[in-house]
Amino acid sequence: MPELPEVEVVRRGLERWIGGRTVADVEVLHPRAIRRHLAGAEDFAHRLKGRRMGAPMRRGKYLWLPLADSGTSVLAHLGMSGQLLVKSEQAPDEKHLRIRVRFTDQEGDNPGAAPGTELRFVDQRTFGGLSLHENTPDGLPDVIAHIARDPLDPLFDDEAFHQALRRSRSTIKRALLNQSLISGVGNIYADEALWRAQLHYERPTATFTRPRTAQLLGHVRDVMNAALAVGGTSFDSLYVNVNGESGYFERSLDAYGREDEPCRRCGTPMRRRPWMNRSSYFCPRCQRPPRLS
DNA sequence: CAAGGCTCCTGATAGC
DNA sequence: TGCTATCAGGAGCCTT
């Protein structure tokens, strides 16, 4: 399940292998993968053809490739199971290959790019996709203007986030997953940060003091940076790793997926609770539920 | 308008 | 063995 660290690993891989290359043609193999491109697959392919890819950007779990001299960007979201792979044109198609982008690799294109490779969007569960959008004056695809800056963005405003928590009548995990308050946090890193901060997922946001918010944000950043550090080992190959679930950071998880296993802090068996059509993992001793009002 | 619930999708796995 | 139920969950959209 790609969250901010996994998407950042992908962004770095794209920066190395795709940035600066010119699109030769695009093949859309599944309509759902471009459903956010309302004009359709043909339009998507047509508009990309002949365009040069700029440096890939990221905000939260979204990443985008600006198309040179067009004021537009290819926006990508990996959803649950999406992968952006740089593969040899000769490699056999993946079972869930949805979109293929080929490049011209002519003189003047990215010298670091590996010729003979193509970009593939592979997505088993089709929650993710690619689309093309106009950029806002900030260089952001217009459809993600509502996505907040992420906690690794130097311009993320800690104080504004704290004030938003104070104003809200929601609970902390909902707030962490609310991409218009803070982006890039998904179910896994939310549980990890809450475990580190020793906070129950249903603590009302209005009860947060400034130090408590600061501490939680610190843990969010720490766990994401730790994941990023480990994920950083795998992106110097032609494979742009997005496989966060089976990969490198799983063994470092302290909360997510650890039902009935001992809390790494106090030894109490960890619990799983159904929550918002998914699960929350927590330590019943370190992360006490808030008193009901 | 804010908050919370529903829904899209496929494959792995559990249970009968 | 083969069927069905359950679970995984990001985010747009809908309801309250």
Side-chain angles (χ1 to χ4, degrees), chain A residues 1-8 10 28-38 58-64 75-84 93-99 121-131 133 140-151 160-161 163-194 201-208 220 224 242-247 249-250 253 255-260 271-281 290 293:
Chain A
M1 288 138 272
E3 301 180 28
L4 187 154
E6 292 75 32
V7 178
E8 175 60 16
V10 174
V28 177
L29 295 104
H30 195 299
R32 235 182 98 77
I34 50 114
R35 70 191 179 286
R36 295 187 72 181
H37 188 83
L38 301 178
R58 182 189 55 74
R59 175 176 285 194
K61 303 171 205 169
Y62 282 95
L63 61 87
W64 66 95
L75 181 66
H77 197 289
L78 303 175
M80 288 289 301
S81 53
Q83 296 175 295
L84 282 166
D93 288 2
E94 290 76 9
K95 183 177 180 189
H96 302 294
L97 177 62
R98 309 304 191 193
I99 298 171
F121 180 70
V122 177
D123 190 9
Q124 181 215 117
R125 285 154 76 181
T126 69
F127 276 34
L130 306 184
S131 48
H133 303 281
L140 197 71
D142 55 10
V143 294
I144 61 163
H146 66 291
I147 300 294
R149 290 185 185 275
D150 61 65
F161 178 70
Q163 291 305 329
L165 292 186
R166 299 287 304 183
R167 278 194 305 273
S168 169
R169 282 177 306 283
S170 189
T171 48
I172 189 58
K173 188 169 169 183
R174 279 183 179 278
L176 286 176
L177 297 183
N178 182 344
Q179 305 294 302
S180 62
L181 293 180
I182 180 171
S183 67
V185 184
N187 201 41
I188 295 173
Y189 291 103
D191 280 3
E192 293 302 309
L194 289 170
Y201 57 98
E202 283 187 319
R203 172 165 290 282
T205 56
T207 68
F208 273 62
V220 170
M224 284 184 165
V242 300
N243 195 359
E245 57 190 340
S246 64
F249 196 65
E250 195 174 3
L253 296 177
Y256 184 83
R258 299 198 66 244
E259 183 179 20
D260 296 332
R271 295 214 177 129
R272 179 176 74 89
R273 286 282 175 276
W275 181 84
M276 270 180 75
N277 274 336
R278 58 200 74 182
S279 295
S280 272
Y281 296 89
S293 56

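Naming: A, B, ... by sequence-line order, numbering from 1 per chain. Hydrogens, waters and symmetry mates are skipped; everything else that's a heavy atom, side chains included, is used.
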With sequence neighbours excluded, residues passing side-chain contact (heavy atoms from CB on, under 4.5 Å) with A:Thr171: A:Arg174, A:Glu202
Within residues 163-170 of chain A: residues closer than 4.0 Å to DNA chain B (heavy atoms): A:Ser168, A:Arg169, A:Ser170
Where do N or O atoms of nucleotides 12-16 of chain C meet protein N or O atoms at under 3.5 Å, pair by pair?
{"residue": "C:dG12", "atom": "OP1", "partner": "A:Arg36", "partner atom": "NH2", "Å": "3.4"}
{"residue": "C:dG12", "atom": "OP1", "partner": "A:Tyr62", "partner atom": "OH", "Å": "2.6"}
{"residue": "C:dG12", "atom": "OP2", "partner": "A:His146", "partner atom": "NE2", "Å": "3.2"}

side-chain contact (heavy atoms from CB on, under 4.5 Å) involving A:Lys61 - partner list, sequence neighbours excluded: A:Val7, A:His77, A:Gln179
By salt bridge (charged side-chain N to carboxylate O under 4.0 Å, His left out) - contacts of A:Asp142 (at least two apart): none
Closest non-hydrogen atom pair between A:Leu176 and A:Ile182, with its separation: O-CG2, 3.7 Å
Side-chain N or O of A:Asn277 closer than 4.0 Å to phosphate OP1/OP2 of C:dG9: no
Chain A contact limits on DNA chain B, taken 5' to 3' with a cut-off of 4.0 angstrom to heavy atoms: B:dA3 to B:dG11
A:Arg58/A:Asp150 salt bridge by N-O under 4.0 Å criterion: yes
Whole angstrom value for the distance that separates P of C:dA8 from OH of A:Tyr256: 7 Å
Interatomic distance where CE belongs to A:Met276 and P belongs to C:dC7 [whole Å]: 16 Å
Test: A:Asp191 and A:Lys173 ion pair at under 4.0 Å: yes
Atom-pair distance (CD on A:Gln124; C1' on C:dG9), nearest Å: 12 Å
Interatomic distance, A:Phe127 CZ vs C:dC7 P [rounded to whole Å]: 15 Å
Under 3.5 Å donor-acceptor, A:Thr205 side chain and A:Ser170 backbone: yes
Angle by which the axis turns from one end of the helix from B:dA2-C:dT16 to B:dC16-C:dG2 to the other, five pairs per end, to 10 degrees: 60°
Between P of C:dA8 and CZ of A:Arg258, the distance in whole Å: 17 Å
Those residues that, when tested against A:His37, pass ring-ring contact (aromatic ring centres under 6.0 Å, His included) (two or more places apart): A:Phe44
Residues which pass side-chain contact (heavy atoms from CB on, under 4.5 Å) with A:Ala164, listed by chain and number, not counting sequence neighbours: A:Arg167, A:Leu181
Interatomic distance, A:Glu6 CD vs C:dA8 P [rounded to whole Å]: 18 Å
Verdict with reasoning, A:Thr126 to A:Arg32, per side chain to side chain donor-acceptor pair (under 3.5 Å): CA-CA 7 Å; A:Thr126 69; A:Arg32 235 182 98 77; 2.8 Å; yes
Spacing between A:Arg35 atom CZ and C:dG10 atom P, to the nearest angstrom: 14 Å
Residues forming a ring-ring contact (aromatic ring centres under 6.0 Å, His included) with A:Phe127, sequence neighbours excluded: none
Salt bridge (charged side-chain N to carboxylate O under 4.0 Å, His left out) partners of A:Arg35, counting only residues at least two apart: none
Contacts of A:Tyr281 that satisfy ring-ring contact (aromatic ring centres under 6.0 Å, His included) - sequence neighbours left out: A:Tyr256
